[in-house]
Amino acid sequence: MQELNHKKIESKWQKYWEEHETFKTDVWDFSKPKYYVLDMFPYPSGVGLHAGHVSGYTATDIISRMKRMQGFNVLHPMGYDSFGLPAEQYAVTTGNHPDGFTKKNVEYFTQQLKSLGFDYDWSKKILTSDPKFYKWTQWIFKQLYLDGYAKYVDMPVNWCEELGTVLSNDEVIDGKSERGGYPVVRKNMKQLCIDQVAFAEKLLEGLDHLDWPESTKEIQRNWIGKSIGAHVTFKVADFDEEFVVFTTRCDTLFGATYCVLSPEHKLVDKITSEDKKQEVADYKKICASKSDLERTELNHEKTGVFIGAYAINPVNNNKIPIYISDYVLASYGTGAIMAVPAHDTRDYEFATKFNIPIIQVLEEETGIKQENETKKESIVAIIYNKNSNKYLTLNWKQMGGRLFIGGTKNNNESSLECALREIKEETGYINVKFIKELPRINHHYYAKNKNIYFNTDATPLYFELIDEKQVKQNLDADESFEIEWVDAQIIEQEVVDELHKKSYEYTLNSGAMIGDGIHINSEFLNGLNKKDAINKMLEYLEQNNIGQKHVNYKFREWIFARQRYWGEPVPIVHMEDNTDYVLEDIELPLVLPKLEDYQAHNGKAPLENATEWKNYVSKDGKKGIRETSTMPGSAGSSWYYFRYIDPNNDNMFCDPKLAKHWLPVDLYLGGPEHAVGHLIYSRIWNRYLYDKGLSFVKEPFKKLVHQGMILGENGIKMGKRYPEYAVDPKDICEKYGADTLRLYEMFMGPIEASKPWSSKGVDAARKFIERVWRFFTNKENISNSEVKQLDKIYNTTVKKVTNDFESLNFNTAISQMMIFVNECYKIGTCSLEYAQGFIKMISCIIPHTAEEIWQILGHNETIAYESWPSYDESKMVDENVNIAISVNGKLRNTIKVPLNSEKSYVEKLALTDQKVSKHLENKEIVKIIFVPNKIINIVVR
RNA sequence: GCCUGUGUGGCGGAAUUGGUAGACGCGCUGGACUCAAAAUCCAGUGAUAGCAAUAUCGUGUGGGUUCGACUCCCACCACAGGCACCA
């Protein structure tokens, strides 16, 4: 028997596959069902593959190998997302064109991927920075532009005057540029954008049908941020002006007591009163110098300025003040809101700070509504003692349990007066400090002592105790309770009355009532719940022409231009006559010119320096300047999955017949970090092409799986911080072989989980491969006749491995294969048939070793196209089966009985079993539960 | 704060239409082989008590449903990821 020499074997088979073009896919062969399995293509950095790449690529490799053996025509391609920052940096620092740098890295990457034995069809390799590829990136962009989805839009950006450039949010710190510390302001500028909002609804709808991780779908939904509401128009008092607000709660319009415009709102300057001009200008200045990040900072106390103008509430014609505040974002909705402090936490905060009236228009309802109720108004007073951290309660014992102070209002008495009176009468405390009034509650209850059903409008009030001073109580005859100070825990456990419980809950929240309830103070909405009231109000708004239903998205324009060199040139020319000209198809690709200086100076795009290149003269002699921004990194990756199918087509981005056959991608694997970037952009581009009839699927990626991170042996992310714990796949490959690395990474745990590296685990993987090698290359172990003892384990293994591979549970598939090998060792022999079946399965994970064993077993051809093993269910069941006997759910013994034994038979054995019967002594058997072939449970008393 | 996910031996991790918790691997212990070691093969290995048979406990915490709960329900805690004044 020969030694397992991984270096020899691996290079031998890699050479074989390459020479025989084993994995070349004939995309025009439609005779077999297709299977398209795709990895997120890497950025070809100089450092090469890391351990995380290997786990993802091995997973798709296993699937593609299995599918091929199952008779699918498999497409498993690889390429490089080769435009982008590191190559740009290289150009800037060395002054060399990034092309060579990229080519070198691509070569290094490809060689590494080949050394891992992945079954990529390298004839389909693509590079996004290759003019042959980006010709079509430009072409698709052109279609987007011609169809109006790509356009120049005026939008607010972070502008730094000194640097002369636009900065992204994370490049701005404390209102100053990260580099240089120059002031940054928000400014409107023309930007080349793609209107992704136009696809929002289709993107949301598409998510429902995708086999993707729920978390990723949720991230995309949040990102799109759909909210259904209404636009409502407010007129400005004393001006011939109006503004529109977006609200999801138009049912609360009667409670709108002020409006807020974002400081950037275009109406602000027009309607600000003379005496407020200075204050408003100052406030606007402060806001402009803040970045988005700062503006949305946590625990940021509300600020704002009254601008001296009033709006007219369109439903009741009330004059309400207009403020500006940075809690209203210019970029969301209409940049203006109606504020309903009673039912919105932020508005409540603002209103209490600026002493703006709060009108409650929704009341929660507690208790059960009855016929013939007596209406009344009442209060609930909650008193908190700061010093003891306790609340004052009245313990009514059998008469009603633990309550706060409650009482009915007298005529013309305010809630506060009533509360103070009741506190004094019932408890004798006189020095309490009023903190706040909480939302009113509509409560139904039955008063036993009076035999009356009441419906009370109850106002909870919150007080703090100033001192312990008490006067004599003044109780009615039917009032009998103990006064007790208790802590929050007791309140939560013992205050069960719905009204009092709810009142207490309100003390814990902000003063705004967000929940559902019935409308009050709202004229035609009174008595309706939230949903009905929204519908009725929408009807009213539309009838009276003051608003209409509106759907709003957080999703914004996708800025599609960067002031960088190493990206696709935008095929647009700004002509002398101020028109924009899009290049003809024949003028594509618009090739990126070489430059002497690749740096962006003063925020100007490097291509500004390409003087010759950027000056454009059309056939008929018209002059213009080319767009000098380049496309963002995500452009090429938004459609590359098309190009793999037809990489050399010069007439089209992809032949429609091929696109129709091969898409969607059946399995897409890559890191979760692309959840909202690449994975949304790809869906948008595909959806656009679908609507245009150029793609034939609504969604490009049918099933998506994210591979988890491989952590260092210390459980921390590999990287610069702990270089001693970083693992380079190259070293493992060298020392243990690619097969060991592949097997180990698949055995570590579930593919989606992040898991720590273990060098012991690598040893174990190598050990298992050697164990397989030793057994199956030893001719004495392989029998030409059947080995019946292996029937059950073999068939079970084939079934489990097949299913586990299919669902990407590679760790459990491997463990099952280990069980099979253990069994082979135990028995000492294995039939040729089973040995071959086993080697076929494991060849997906350790292809080099498996090919070699396959050859030793007597084959001349590659194992890659052998048919996948099948299994026989009937051979998977034993004649006998173990049944667990439990007494009151506790396991007492297991017995072996014939398969499908009757209950009566098992019951008799169970009851007379020695180990079991002693647990039955002196007990009465209540019942016996029997699950065939599994368990029998005897219930005793 | 909100959304999503996770929580099981010394470690990586199995097991969910509710039915023998801890598969498989690592580590550890013992045995065989060997002059010896490595490698290999075999056996054992959740905790506590006990010589043992065995008993009790045990899937983040506390309750609940059930003959029976890692699995279902309620509340809470911890960690990870995402969003965050989105009207």
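Since we're looking at a predicted model, the values are computed, not measured. Side chains included, hydrogens not; waters and symmetry mates left out as well; all remaining heavy atoms used.
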Kindly say if Thr216(A) contacts the phosphate of U4(B), meaning a side-chain N or O under 4.0 Å from OP1 or OP2.
-> no
Under 4.0 angstrom between Lys890(A) side-chain N/O and C57(B) OP1 or OP2 = yes
Mind checking whether Phe243(A) and Thr334(A) have side chains closer than 4.5 Å, heavy atoms only?
-> no
Should Arg766(A) be listed as having a side-chain N or O under 4.0 Å from OP1 or OP2 of G25(B)?
-> no
Which residue pairs pass the salt bridge (charged side-chain N to carboxylate O under 4.0 Å, His left out) test when at least one of the two sits in residues 252-261 of chain A, sequence neighbours left out?
-> none
Take atom P in U6(B) and the same atom in G63(B), then report the distance between them in whole Å.
-> 24 Å
Is the cationic atom of Lys302(A) (NZ for Lys, CZ for Arg) positioned less than 6.0 Å from the six-membered ring centroid of Tyr327(A) and within 45 degrees of its normal?
-> yes
Gap between atoms CG and C1', on Asn888(A) and C67(B) respectively (whole Å) | 8 Å
Does Arg892(A) put a side-chain nitrogen or oxygen below 4.0 Å from OP1 or OP2 of A55(B)?
-> yes
Qualifying salt bridge (charged side-chain N to carboxylate O under 4.0 Å, His left out) pairs with a residue from residues 669-681 of chain A, counting only residues at least two apart or across chains | none
Could you give the distance separating G12(B) and G7(B) at their P atoms, to the nearest angstrom?
-> 12 Å
Atom-pair distance (CD1 on Ile814(A); P on G25(B)), nearest Å = 12 Å
All pairs passing side chain to side chain donor-acceptor pair (under 3.5 Å) where residues 898-907 of chain A contributes a residue, at least two apart | Asn900(A)-Asn933(A)
Walk me through it: do Phe234(A) and Val245(A) pass the test side-chain contact (heavy atoms from CB on, under 4.5 Å)?
-> CA-CA 8 Å; Phe234(A) 282 71; Val245(A) 304; 3.7 Å; yes
Have Asp251(A) and His519(A) got a donor and an acceptor in their side chains that come within less than 3.5 Å?
-> yes
Is there any protein nitrogen or oxygen under 3.5 Å from a nitrogen or oxygen in nucleotides 12-17 of chain B, and what are the pairs?
unit_1: G12(B); atom_1: O2'; unit_2: Met748(A); atom_2: O; d: 2.7
unit_1: G13(B); atom_1: O3'; unit_2: Asn811(A); atom_2: ND2; d: 3.4
unit_1: A14(B); atom_1: OP1; unit_2: Asn811(A); atom_2: ND2; d: 3.1

Whole-angstrom distance between A87(B) and U16(B), as gauged at atom C1' = 42 Å
Mind checking the C1' distance from G22(B) to G9(B)? Whole angstroms is fine.
-> 7 Å
When pairs are called at under 3.5 Å and a stem needs at least three consecutive Watson-Crick or G-U pairs, the stems of RNA chain B are B:1-7 with B:77-83, B:10-12 with B:24-26, B:27-32 with B:40-45, B:46-49 with B:54-57, B:60-64 with B:72-76
Expressed in whole Å, how much space separates the C1' atoms belonging to U8(B) and C3(B)?
-> 26 Å
Does the pair Arg766(A)/Glu770(A) count as a salt bridge with the N-to-O cut at 4.0 Å?
-> yes
Whole-Å P distance, A69(B) and G1(B) = 34 Å
Do any side-chain nitrogens or oxygens of His919(A) fall under 4.0 Å of OP1 or OP2 in A55(B)?
-> yes
Donor-acceptor side-chain pairing of Asn937(A) and Ser886(A) below 3.5 angstrom = yes
Would you check if the side chain of Asp326(A) reaches a backbone N or O of Ser262(A) as a donor-acceptor pair within less than 3.5 Å?
-> no
Face-on cation placement of Arg221(A) at Trp212(A) ring, 6.0 Å and 45° thresholds | no
Nucleotide-resolved protein contact map, nucleotides 41-49 of chain B, B/S/- at heavy-atom distance under 4.0 Å = SS-------
